[in-house]
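Just so you know, these numbers use all the heavy atoms, side chains as well, and skip hydrogens, waters and symmetry mates. Quick caveat, the model's predicted, so the values are computed rather than measured.
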Amino acid sequence: IERIAFRKAHHMVMTVEPDGSVSQCRPMVSVEQADFAREFCPLAIADGNFLPAQNSDGDEIQSIYLFSIRADRSVTQLTK
């Protein structure tokens, strides 16, 4: 028996509004990340709160936030 650890990354894109709220959320790789995005994005939009980006005049502006979340998962397999 051999134990193998897998690290899966979920790459997400969120639109952050000038008030710090999240207005949009989507996976960067839509096909592979769709299941994670279905669970994560509604929470990010409902509860997300960021310090907004600012332009050169100090005004808060809409921005894009890119990030990755890594999840560890181990699988046990039989080997000969």
Side-chain angles (χ1 to χ4, degrees):
I1 297 176
E2 181 181 359
R3 191 164 202 92
I4 301 171
F6 291 94
R7 293 190 64 120
K8 184 172 185 176
H10 302 282
H11 307 287
M12 306 300 292
V13 179
M14 292 190 300
T15 301
V16 178
E17 296 300 324
D19 66 358
S21 66
V22 176
S23 62
Q24 296 179 8
C25 176
R26 66 176 176 79
M28 285 187 225
V29 184
S30 58
V31 174
E32 295 175 11
Q33 309 293 320
D35 290 339
F36 178 79
R38 269 193 289 280
E39 292 185 36
F40 176 81
C41 286
L43 297 173
I45 291 171
D47 298 328
N49 190 10
F50 291 79
L51 291 174
Q54 296 180 344
N55 64 17
S56 59
D57 294 327
D59 299 322
E60 296 170 341
I61 59 171
Q62 185 184 64
S63 60
I64 303 297
Y65 182 71
L66 310 173
F67 70 100
S68 297
I69 298 172
R70 292 210 180 268
D72 289 332
R73 176 176 73 154
S74 63
V75 175
T76 302
Q77 69 179 25
L78 296 176
T79 58
K80 290 184 177 185

Show the numbers, then the answer: is there a side-chain contact (heavy atoms from CB on, under 4.5 Å) between His10 and Phe40? CA-CA 10 Å; His10 302 282; Phe40 176 81; over 6 Å; no

For residues 50-63, which side-chain donor-acceptor pairs fall under 3.5 Å, sequence neighbours excluded?
| unit_1 | atom_1 | unit_2 | atom_2 | d |
| --- | --- | --- | --- | --- |
| Asn55 | OD1 | Asp57 | N | 2.9 |
| Asn55 | OD1 | Gly58 | N | 3.1 |
| Asn55 | OD1 | Asp59 | N | 2.9 |
| Gln62 | NE2 | Glu17 | OE1 | 3.4 |
| Gln62 | NE2 | Glu17 | OE2 | 2.8 |

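Within the structure, the side-chain hydrogen bond (donor to acceptor under 3.5 Å, both in side chains) test picks out the following pairs touching residues 36-49 (sequence neighbours left out): Asp35-Arg38.
Taking 4.5 Å as the limit, every side-chain heavy atom of Ile64 sits out of range of all side-chain heavy atoms of Val16.
In this structure, NE2 in His11 is found 4.5 Å from OG in Ser68, a value given to the nearest 0.5 Å. Put simply, CG on Leu66 and CE on Met14 are 9.5 Å apart, with the number rounded to the nearest 0.5 Å.
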